[in-house]
Amino acid sequence: MNIIEKTQEYRKSPGLNQSKLNQVRTGFKKVNVNDGMKLGNILEVEMCYPELFDDLFVIGKVPKGKGADIIKELVEDGVSLDEMTDEQIKEYCVDFHEGRSIDSRHNELLKLRQYYEDLTGNSGKTLVDKKSVDIVRKKLATTDHRFITEGAIFQEWIKFEFMGERCKALLDVVNYEWFDIKSTTKSLLDWPSSVDQFGYDVQGYWYDMAVKTVYPDIQFGGYYVVPVLTNEPAKLFKWDLQEAESKVIDLVNLYKWHRDNNVWYSKELHDNEIINLTKTNWGYRI
């Protein structure tokens, strides 16, 4: 099974994974792909299996904004841009030109027809702009990552059980240690704050549990963080993964509550007619 097939099978397979835990952690807040995520996808491919770049990406013009985000959703969901019903337009355009009529919102999407056709015509490939590809390639030209990628298994798919749940994990790199590859558009000085913001400590503990079920002697090599927009060198960040154990247990229990109650929004809003905001909960995520 090649890397593309392995990733597709992983996505189709049942099981609780780190992404679902992160949805629970953030209160099911929708995460839009940002520049850092896009550069990170390119970075991983260029670092680990550059020979597959043309199988995974196509270089072209990538529009930005809410309309472009909706187009990507339509393509992923198999919705025809020309045959959208009024109900579908309402569903996909909830916060897109809210003050305009349904026809007006639909016409705005139709202006992105070329983008829609580019996405649908490339068999699931990710459309990326040349500038982003050049940024990553220029950075990697000065980055020696052979100690991580030589002789490694990429996209290692592992099934395991935890707290009575069928679980799964897909790891970036496994060799003498296991590594996860991240890009950042900020300085490395800012990256430690991302551990808490994006739940990388939870992700690390989850992946380590998975690895230990198959490779009990392989240790956590670190998060290999590549700052793509600064002159700083890539660095490994390591910490005691065990510190996240209680967080993971709490999140799995919370996931079970959501599943058992079939409630897929923040638990704080469940059965609460009034939400009392205080200085301590003002910014909690919905």
Side-chain angles (χ1 to χ4, degrees), residues 4 7-12 17 19-20 22-46 52-136 170 183-186 197-198 228-229 258 262-266 269 283-286:
I4 297 173
T7 304
Q8 290 171 340
E9 288 300 311
Y10 168 80
R11 289 172 179 167
K12 291 190 293 186
N17 62 2
S19 295
K20 289 181 182 176
N22 205 38
Q23 288 179 333
V24 172
R25 185 185 69 87
T26 59
F28 302 92
K29 181 181 179 182
K30 183 176 179 180
V31 178
N32 292 320
V33 176
N34 58 35
D35 288 342
M37 295 175 187
K38 177 177 64 178
L39 291 167
N41 291 336
I42 300 169
L43 174 73
E44 182 182 314
V45 173
E46 288 289 279
L52 294 180
F53 182 90
D54 290 336
D55 294 325
L56 295 168
F57 297 107
V58 60
I59 296 176
K61 184 178 180 181
V62 184
K64 295 184 178 181
K66 184 62 181 177
D69 292 338
I70 295 171
I71 290 294
K72 284 187 283 189
E73 288 185 49
L74 296 179
V75 172
E76 290 171 0
D77 295 345
V79 177
S80 169
L81 181 61
D82 290 311
E83 299 176 7
M84 290 180 73
T85 64
D86 287 355
E87 289 304 314
Q88 285 175 325
I89 295 172
K90 289 179 184 177
E91 177 186 352
Y92 286 91
C93 301
V94 172
D95 54 355
F96 180 61
H97 296 309
E98 295 173 84
R100 298 192 190 180
S101 68
I102 287 176
D103 286 343
S104 177
R105 284 185 275 181
H106 190 211
N107 286 334
E108 288 298 313
L109 292 182
L110 291 173
K111 292 178 182 179
L112 293 166
R113 179 186 300 278
Q114 185 60 53
Y115 183 46
Y116 178 88
E117 292 176 354
D118 286 344
L119 293 180
T120 55
N122 282 294
S123 304
K125 293 182 182 179
T126 300
L127 185 65
V128 292
D129 59 277
K130 185 177 184 299
K131 180 180 178 181
S132 296
V133 176
D134 289 344
I135 286 172
V136 171
L170 188 67
S183 72
T184 179
T185 56
K186 300 179 181 180
Q197 182 181 355
F198 298 109
V228 290
L229 298 184
H258 282 283
N262 196 28
V263 172
W264 301 107
Y265 52 84
S266 180
L269 303 180
Y284 79 88
R285 295 172 180 169
I286 297 175

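Keep in mind that this is a model prediction, so the values were computed, not measured.
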Chemist: List in chain and number order the residues that pass side-chain hydrogen bond (donor to acceptor under 3.5 Å, both in side chains) with Glu9, two or more places apart in sequence or in another chain; answer none if no residue qualifies.
Modeler: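 Once residues adjacent in sequence are excluded, the partners of Glu9 under the side-chain hydrogen bond (donor to acceptor under 3.5 Å, both in side chains) criterion are Lys12.
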Chemist: Looking at every heavy atom in both Gly36 and Ser183, which two are closest together, and how far apart are they?
Modeler: O-OG, 3.1 Å
Chemist: How close do Val133 and Phe53 get, heavy atom to heavy atom, and via which atoms?
Modeler: CG2-CZ, 3.8 Å
Chemist: Would you list the atom pairs, donor with acceptor, under 3.5 Å between side chains in residues 86-96 and any protein atom, with sequence neighbours excluded?
Modeler:
unit_1, atom_1, unit_2, atom_2, d
Gln88, OE1, Thr85, N, 3.0
Tyr92, OH, Asp77, OD2, 2.7
Asp95, OD1, Lys66, NZ, 3.4

Chemist: Run the salt bridge (Lys or Arg N to Asp or Glu O under 4.0 Å) test against Glu117 and tell me which residues pass, sequence neighbours left out.
Modeler: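 Result, salt bridge (Lys or Arg N to Asp or Glu O under 4.0 Å) vs Glu117: none returned.
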Chemist: List the residues meeting side chain to side chain contact (heavy atoms under 4.5 Å, CB included) with Asp134, not counting sequence neighbours, and say none if there are none.
Modeler: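 Counting only residues at least two positions away or on another chain, Asp134 forms a side chain to side chain contact (heavy atoms under 4.5 Å, CB included) with Lys130.
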Chemist: What residues form a side chain to side chain contact (heavy atoms under 4.5 Å, CB included) with Asn17, not counting sequence neighbours?
Modeler: Tyr10, Ser19, Lys20, Lys168
Chemist: Return the orientation label for the Trp264 and His258 ring planes: parallel under 30°, perpendicular over 60°, tilted otherwise.
Modeler: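 Rings of Trp264 and His258: parallel, under 30°.
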Chemist: Sorted by first residue and then second, give each salt bridge (Lys or Arg N to Asp or Glu O under 4.0 Å) pair with at least one member in residues 53-64; sequence neighbours left out.
Modeler: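 Counting only pairs at least two positions apart or across chains, the salt bridge (Lys or Arg N to Asp or Glu O under 4.0 Å) contacts touching residues 53-64 are Asp35-Lys64.
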Chemist: Working to the nearest 0.5 angstrom, can you tell me the gap between Leu52 CG and Glu46 CD?
Modeler: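 Here the interatomic distance stands at 10.5 Å.
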Chemist: Please enumerate all residues that pass side-chain hydrogen bond (donor to acceptor under 3.5 Å, both in side chains) together with Tyr115, with sequence neighbours excluded.
Modeler: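 Listed in chain order: nothing, the list is empty.
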Chemist: For Leu112 and Ala68, which heavy atoms make the closest approach, and how far apart are they?
Modeler: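 Distance-wise, the nearest heavy atoms are CD1-N, 3.6 Å.
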Chemist: Holding to side chain to side chain contact (heavy atoms under 4.5 Å, CB included), I want the full list of residues that pass it with Thr185, two or more places apart in sequence or in another chain.
Modeler: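 Only Leu39, Val228, Leu229 meet the side chain to side chain contact (heavy atoms under 4.5 Å, CB included) criterion with Thr185.
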Chemist: Roughly how far, to the nearest 0.5 Å, is the OH atom of Tyr116 from the CG atom of Leu109?
Modeler: 11.0 Å
Chemist: Apply side-chain hydrogen bond (donor to acceptor under 3.5 Å, both in side chains) to Ser132 and list each qualifying residue two or more places apart in sequence or on a separate chain.
Modeler: Asp129
Chemist: Does Glu44 have any side-chain hydrogen bond (donor to acceptor under 3.5 Å, both in side chains) partners at least two apart in sequence or in another chain, and if so, which?
Modeler: Tyr49, Gln155
Chemist: Just how far is it from atom CD of Gln114 to atom CG of Leu119, taken to the nearest 0.5 Å?
Modeler: 10.0 Å
Chemist: If you look only at pairs with a residue in residues 101-111, which of them pass as a side chain to side chain donor-acceptor pair (under 3.5 Å), with sequence neighbours excluded?
Modeler: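 Qualifying pairs, neighbours excluded: Arg100-Glu108, Glu108-Lys111.
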Chemist: Counting C-beta onward and ignoring hydrogens, is there a side-chain heavy-atom pair between Arg113 and Asp82 closer than 4.5 Å?
Modeler: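 The answer is yes, as the side chains (C-beta and beyond) meet within the 4.5 Å cut-off.
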Chemist: Side chains of Val58 and Thr126: does their closest heavy-atom pair fall under 4.5 Å?
Modeler: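 They are not in side-chain contact.
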Chemist: Which residues satisfy the salt bridge (Lys or Arg N to Asp or Glu O under 4.0 Å) test with Arg11, sequence neighbours excluded?
Modeler: none
